[in-house]
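What follows is a short report on a single structure.
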Amino acid sequence: MLDLTNQVALVTGGANGIGKGISESLAEAGAKVIIGDIDEEQGQKTAEALNGKFYKMDVTDKQAVQDIVDQIVQEFDKIDILASNTGVYPQIEIEDLTEEDWDYIQNINLKGMFFVTQAVLKEMKKQQYGRVIITSSVTGPITGYPGWAHYGATKAGQLGYMRSAALEYAKYGITVNAVQPGNVLTAGLQAQGEAYLDGTRKIIPTHELGEPADIGYAVSFFAAKEAKFITGQSLVVDGGQLLPEEPDAVKD
Ligand code: NAD
């Protein structure tokens, strides 16, 4: 299991954080990892360390996404695995939320995911093989948090998209699944501040935040050839944070 030798994997948002963890995990299992990200400096660094390749890719630019997918296929012949992971999560409460704020997050998290998956699924259909794994979240599909209504809408939207995509592509040897991280320590999460991080540690039964590798291994599982009978599913990876019926159920 989890032998991804000779598999070509594209990871969007793979320069940092969870995407970096996904890239490392896929590379560890033998995949050739291609990172698409707007962060050129970190993206080059991460890709180099994994003997992979970096493409500067803004997922909100439909034409650029298509061009890069074409270049990848030209150079590597195929894309077996897509981890559509790019996402942003600025915290803004509804009464302060502008139309620009709304569009910004929708364009990256939801529309960007659509552009990337559409371009890659077209190639996977030709290949009659593919594994697509979307990084959603617990926030939106399961939980809520003040300031993250617009974010939660994108993350729930991703799961809605994923289920229909799974049906459309099932007959071509392609699976489409999602992971739903809980709180994973990345620069993005760190920016929420120590009070948020401490509060979160208290309610996670292990009292530890997740690491990017925790999400990476879940993605690698869905990415395996052997996971061929699993599609349209999402896996919560949260250290048990959502389990307690009431706060006392979490032991100190
Ligand atoms: P992060 O900010 O650490 O990394 C996000 C990456 O996306 C960065 O490398 C950034 O350069 C890239 N990016 C941003 N805009 C882009 C664009 N337009 N085009 C291409 N790349 C772009 O964030 P993270 O915490 O690693 O989050 C990654 C994913 O995981 C997101 O989809 C997020 O919603 C999801 N998630 C994170 C957590 C968490 O606790 N960290 C929890 C649940 C879900």
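In this chain, residues are counted from 1 in sequence order. Every number for a ligand or one of its atoms is a count from 1 in the order of the listing. Worth knowing before you read on, the calculation uses all heavy atoms, side chains too, and leaves out hydrogens, waters and symmetry mates.
- Within the listing of ligand 1, atoms 28 (C), 29 (C), 30 (O), 31 (C), 32 (O) sit less than 4.0 angstrom from a heavy atom of Asn85.
- Short contacts between ligand 1 and Asp39, defined as distances under 4.0 Å to a heavy atom of the residue, involve ligand atoms 11 (O).
- The closest protein non-hydrogen atom to atom 5 (C) of ligand 1 is Gly87 O, 3.9 Å.
- Annotation: atom 18 (N) of ligand 1 to nearest protein heavy atom, Asp58 OD1, 3.0 Å.
- Applying the side-chain contact (heavy atoms from CB on, under 4.5 Å) test to Ser164 and every residue at least two apart in sequence or in another chain returns nothing.
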Exercise for the section: Begin from the C-alpha positions of Gln74 and Asp70 and carry the test side-chain hydrogen bond (donor to acceptor under 3.5 Å, both in side chains) through to its verdict. Expected result: CA-CA 6 Å; Gln74 207 165 17; Asp70 290 345; over 6 Å; no
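- Between Ser136 and ligand 1 there is a heavy-atom distance shorter than 4.0 Å.
- Neither side chain, Gln158 nor Asn109, offers a donor N or O lying under 3.5 Å from an acceptor on the other.
- At the shortest separation from atom 13 (N) of ligand 1 among protein heavy atoms lies Thr86 CG2, 3.6 Å.
- Judged by distance alone, the side chain of Ser25 and the main-chain N or O of Gly21 form no donor-acceptor pair under 3.5 Å.
- The protein non-hydrogen atom at the shortest distance from atom 15 (N) of ligand 1 is Ile38 CD1, 3.5 Å.
- Here the heavy atom of the protein found nearest to atom 25 (O) of ligand 1 is Tyr89 OH, 2.5 Å.
- Residue Gly182 holds the heavy atom nearest to atom 42 (C) of ligand 1 of all those in Ala15, Ala187, Gly210, Gly182.
- When only non-hydrogen protein atoms are considered, atom 1 (P) of ligand 1 lies nearest to Gly188 N, 4.4 Å.
- The closest protein non-hydrogen atom to atom 33 (C) of ligand 1 is Tyr151 OH, 3.6 Å.
- In this structure, Gln91 places its CD atom where more than 12 heavy-atom neighbours from other residues, nucleotides or ligands lie under 6.0 Å away.
- For Asp37, a nitrogen or oxygen atom sits less than 3.5 Å from a nitrogen or oxygen atom of ligand 1, counting backbone and side chain alike.
- Every atom of ligand 1 with a heavy atom of Thr135 under 4.0 Å away is listed here by number and element: 29 (C), 30 (O), 32 (O), 35 (C).
- Ligand 1 has no atom lying under 4.0 Å from any heavy atom of Thr12.
- Scanning all protein heavy atoms for the shortest distance to atom 19 (N) of ligand 1 gives Val59 N, 3.1 Å.
- Below 3.5 Å of separation, one finds an N or O of Val184 facing an N or O of ligand 1.
- Taking only nitrogen or oxygen atoms, main chain and side chain alike, Asn183 does not reach within less than 3.5 Å of ligand 1.
- Applying the ring-ring contact (aromatic ring centres under 6.0 Å, His included) test to Tyr145 and every residue at least two apart in sequence or in another chain returns Trp148, Tyr196.
- Less than 4.0 angstrom separates some heavy atom of Met57 from each of these atoms of ligand 1: 19 (N), 20 (C).
- Not one N or O of Thr60 is nearer than 3.5 Å to an N or O of ligand 1, by distance alone.
- Residue Lys155 has at least one heavy-atom neighbour below 4.0 Å for each of these atoms of ligand 1: 31 (C), 32 (O), 33 (C), 34 (O).
- Interface of Gly17 with ligand 1, defined as ligand atoms under 4.0 Å from a residue heavy atom, comprises 3 (O), 26 (O).
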Practice task
I would like to know whether Asn16 and Asp39 meet side-chain hydrogen bond (donor to acceptor under 3.5 Å, both in side chains); could you show each step before the answer?
Solution key: CA-CA 8 Å; Asn16 300 288; Asp39 184 345; 3.1 Å; yes
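- Checked by distance only, ligand 1 and Ile18 come closer than 3.5 Å through their nitrogen or oxygen atoms.
- Residues Val59 and Val120 share a hydrophobic cluster, clusters being chains of Ile/Leu/Val/Met/Phe/Trp/Tyr side chains in contact below 4.5 Å.
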